[in-house]
Undergrad: 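Would you mind keeping the following structure in view while I ask a few things?
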Number of protein chains: 2
Amino acid sequence: MNSTSALAELPQLERRTLSETVYEALADLLASGRLAPGDRLSLRQSAAALGVSVMPVREAVSRLAADGVLEVAPNRVIRVPVMSAAAFRALAETRIAVEGIAVARAAERRTAEELATIRRAEAAFRAEAEATKPDRTRAVQLNRDLHFAIYGACGLGPLQEIIARLWLKAGPVINLDLRVHPERLLQGFALRRHAEALAAIEDRDAAAAAAAIAADIREAAEFIMDRGGLRDTQEED
Amino acid sequence: MNSTSALAELPQLERRTLSETVYEALADLLASGRLAPGDRLSLRQSAAALGVSVMPVREAVSRLAADGVLEVAPNRVIRVPVMSAAAFRALAETRIAVEGIAVARAAERRTAEELATIRRAEAAFRAEAEATKPDRTRAVQLNRDLHFAIYGACGLGPLQEIIARLWLKAGPVINLDLRVHPERLLQGFALRRHAEALAAIEDRDAAAAAAAIAADIREAAEFIMDRGGLRDTQEED
DNA sequence: GCTAGTGATCTGTGATCACAGTTTGGGTGA
DNA sequence: TCACCCAAACTGTGATCACAGATCACTAGC
């Protein structure tokens, strides 16, 4: 060992377990709405589809189930929870409260670089949403990127993790709705709220930023609830 | 089937898996501070101690690890995370923000019954704390009961789950400190803040209730940080 | 023609085995 | 006496097997 100082600079390469990979694959399926509320999941089938044994899938599913993103019925059936309108409303209100805190803090504490990142993310989403033929999947991803660019400036790691879990939980409902009613994208509600949030963050106006994000969340939730996008009872697919 | 109406009254008995039982056992160990930051955990030893195979322990540990309550080092060593002072501060600030929301909502929405429950919980904690020879373990449990009696009145299920996870994460640090410095209980900080919170909830004064809980959390956190209760680096036990 | 029952096949859960990587402790070398 | 090294025992991870319970298609009986 002749150059210990050089070795110290080596980045600690993270150990990726199969379980983690499977978790991310499932989480992506849920966040993008390809797994819809009520859809069932089989350990063996998922394992076969992913080319692994059931073990990693078990661990990933149990983590998702612990977060309420999946649920195992007393029949031992794994499925994406079917949220009642009341549950969805409670989730939306929780998001408004928690994400409101994050945005408010972000507005107060954002650095110039963080502001630049947020601005870029806003522009990227705007470009996609205003495109003549917007790609919904991409728009969803860019919307997520924008929100988390904002939350990333709040300076509170635990809060960001909480929000990530809330998004995972709300993801299937929101993205399923977006697949069925893509016109919501075109109405530009989100665009307006994002612009308001960006302006407020530029001005370091915490209250206005929180209000903009709250309106963004509330309008999307109300749109979905008005459309009856929530099934009160499970349907067969 | 001659009495279908009677069958309909049967309570849906929940299925308890071994993993769940193990999870609760480990969570209790962590929440009560019997597992301290830095302590290591072995799957096989835990399984042997609980009289089960490693499988249920694996699932329980993976859930705990997903919540950041346990961590698996790149060496594949499972241990209770050693929080830096900065991480602990961030956790405390997150708790102040999130639990502040819950208390504020509880103050506005609490029913008479919920208020009675909170009042009883406050009296129980006070009785234990003012006892001539208070039982620390019991006091910790009663403190937890009081806080969650309040949060239970906020009307937002997802928010309560978030707070439960935050408590699980902070539990080892706080309760370890309480074991080392039991005198904090006697100084009555918590008692005063609890009384303030109770009074504010009675008056439906959301801001005052949030301030009281914020002070409760902040004072406990500052006490711990002043005492140097946080190890920046791991120690062997 | 319709319902009740029955067996094959699926489900998740738990136990056990196999494996690669890590830690550790005892011994051997200088 | 100290440093090094090697082997045994441990670690979590993944695969496989066994099992009880649930589901579903099908058939026997009315």
Side-chain angles (χ1 to χ4, degrees), chain A residues 1-2 4 7 10 12-26 35 38-81 233-237, chain B residues 1-2 4 7 10 12-26 35 38-81 233-237:
Chain A
M1 49 186 79
N2 41 15
T4 56
L7 288 176
L10 282 176
Q12 178 110 325
L13 48 86
E14 84 279 25
R15 179 187 302 273
R16 293 192 56 79
T17 75
L18 261 185
S19 303
E20 220 162 331
T21 310
V22 173
Y23 176 87
E24 283 166 20
L26 291 182
L35 272 177
D39 281 359
R40 303 206 327 198
L41 208 63
S42 157
L43 289 186
R44 285 177 174 83
Q45 288 177 18
S46 310
L50 292 164
V52 298
S53 89
V54 298
M55 273 299 321
V57 184
R58 275 172 74 170
E59 293 213 9
V61 166
S62 87
R63 281 175 54 181
L64 260 356
D67 286 347
V69 181
L70 291 176
E71 73 178 4
V72 304
N75 330 336
R76 288 177 167 173
V77 168
I78 302 170
R79 75 169 155 219
V80 184
T233 167
Q234 73 190 52
E235 302 171 0
E236 71 287 356
D237 45 325
Chain B
M1 50 184 77
N2 41 14
T4 56
L7 288 176
L10 281 177
Q12 177 112 324
L13 48 84
E14 88 275 27
R15 177 186 304 272
R16 291 191 58 78
T17 73
L18 260 185
S19 303
E20 219 162 330
T21 310
V22 173
Y23 175 86
E24 285 167 17
L26 291 181
L35 272 179
D39 281 0
R40 298 195 349 188
L41 207 65
S42 158
L43 288 187
R44 285 176 175 82
Q45 288 177 18
S46 309
L50 291 164
V52 297
S53 89
V54 297
M55 273 299 321
V57 183
R58 275 172 73 169
E59 293 212 10
V61 166
S62 86
R63 282 174 53 182
L64 260 356
D67 287 346
V69 181
L70 291 177
E71 72 177 6
V72 304
N75 330 335
R76 288 178 168 174
V77 168
I78 303 171
R79 75 171 156 213
V80 185
T233 166
Q234 73 190 50
E235 303 170 0
E236 71 287 356
D237 44 328

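Chain letters run A, B, ... following the sequence lines, proteins first and then strands; every chain starts at 1.
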Undergrad: Find the distance Arg58(B):CZ to dT16(C):P and express it as a whole number of Å.
TA: 14 Å

Undergrad: Give Val54(B) one of three labels, base, sugar-phosphate or nothing, depending on what nucleic acid heavy atoms sit under 4.0 Å from its own.
TA: base

Undergrad: Between dA18(C) atom C1' and Leu18(A) atom CG, what is the distance in whole Å?
TA: 16 Å

Undergrad: Taking the nucleotide of DNA chain D with the closest heavy atom to each, which residue, Arg76(A) or Val52(A), is nearer the 5' end?
TA: Val52(A)

Undergrad: Give me the one residue out of Met55(B), Arg58(B), Arg76(B) that meets side chain to side chain contact (heavy atoms under 4.5 Å, CB included) with Leu43(B).
TA: Arg58(B)

Undergrad: Quick one: Asn75(A) CG to dA22(D) P, roughly how many Å, whole number?
TA: 8 Å

Undergrad: Is any side-chain nitrogen or oxygen of Ser19(A) closer than 4.0 Å to OP1 or OP2 of dG14(D)?
TA: yes

Undergrad: For dT11(C), take OP1 and OP2 only and decide whether either is under 4.0 Å from a side-chain N or O of Ser42(A).
TA: yes

Undergrad: Let me have the donor-acceptor pairs involving side chains of residues 62-75 of chain A, under 3.5 Å, with sequence neighbours excluded, atom names and distances please.
TA:
from, atom 1, to, atom 2, distance (Å)
Ser62(A), OG, Glu59(A), O, 3.1
Asp67(A), OD1, Arg165(B), NH1, 3.2
Glu71(A), OE2, Arg79(A), NE, 3.0

Undergrad: Under a 4.5 Å cut-off applied to non-hydrogen side-chain atoms, are Pro56(B) and Thr21(B) in contact?
TA: no

Undergrad: Where do Val57(B) and Val22(B) come nearest, in terms of heavy atoms and distance?
TA: CA-CG1, 3.9 Å

Undergrad: Between atom CD in Glu59(A) and atom C1' in dT13(D), what is the gap in whole Å?
TA: 8 Å

Undergrad: Taking CD1 from Ile78(A) and C1' from dT11(C), how many angstroms apart are they, rounded to a whole number?
TA: 9 Å

Undergrad: Send over the distance from Tyr23(B) OH to dT13(C) P, rounded to a whole Å.
TA: 16 Å

Undergrad: Picking from dT24(C), dT13(C), dG14(D), which would you name as closest to the side chain of Arg40(B)?
TA: dT24(C)

Undergrad: Considering only side-chain heavy atoms of Ser53(B), which listed nucleotide, dG14(D), dA15(C), dT24(C), is closest?
TA: dA15(C)

Undergrad: CG of Leu50(A) versus C1' of dG14(D): gap in Å, rounded?
TA: 15 Å

Undergrad: Which part of the nucleic acid, if any, lies within contact of Gln45(B), taking any heavy atom under 4.0 Å across all strands shown: a base, the sugar-phosphate backbone alone, or nothing?
TA: sugar-phosphate

Undergrad: State the CG-CG distance between Leu50(A) and Leu18(A), to the nearest 0.5 angstrom.
TA: 9.5 Å

Undergrad: In whole Å, I'd like the distance from the CZ atom of Arg16(A) to the P atom of dG21(C).
TA: 18 Å

Undergrad: Heavy-atom nearest nucleotide on DNA chain D for Val77(A) versus Leu43(B): which residue maps closer to 5'?
TA: Leu43(B)

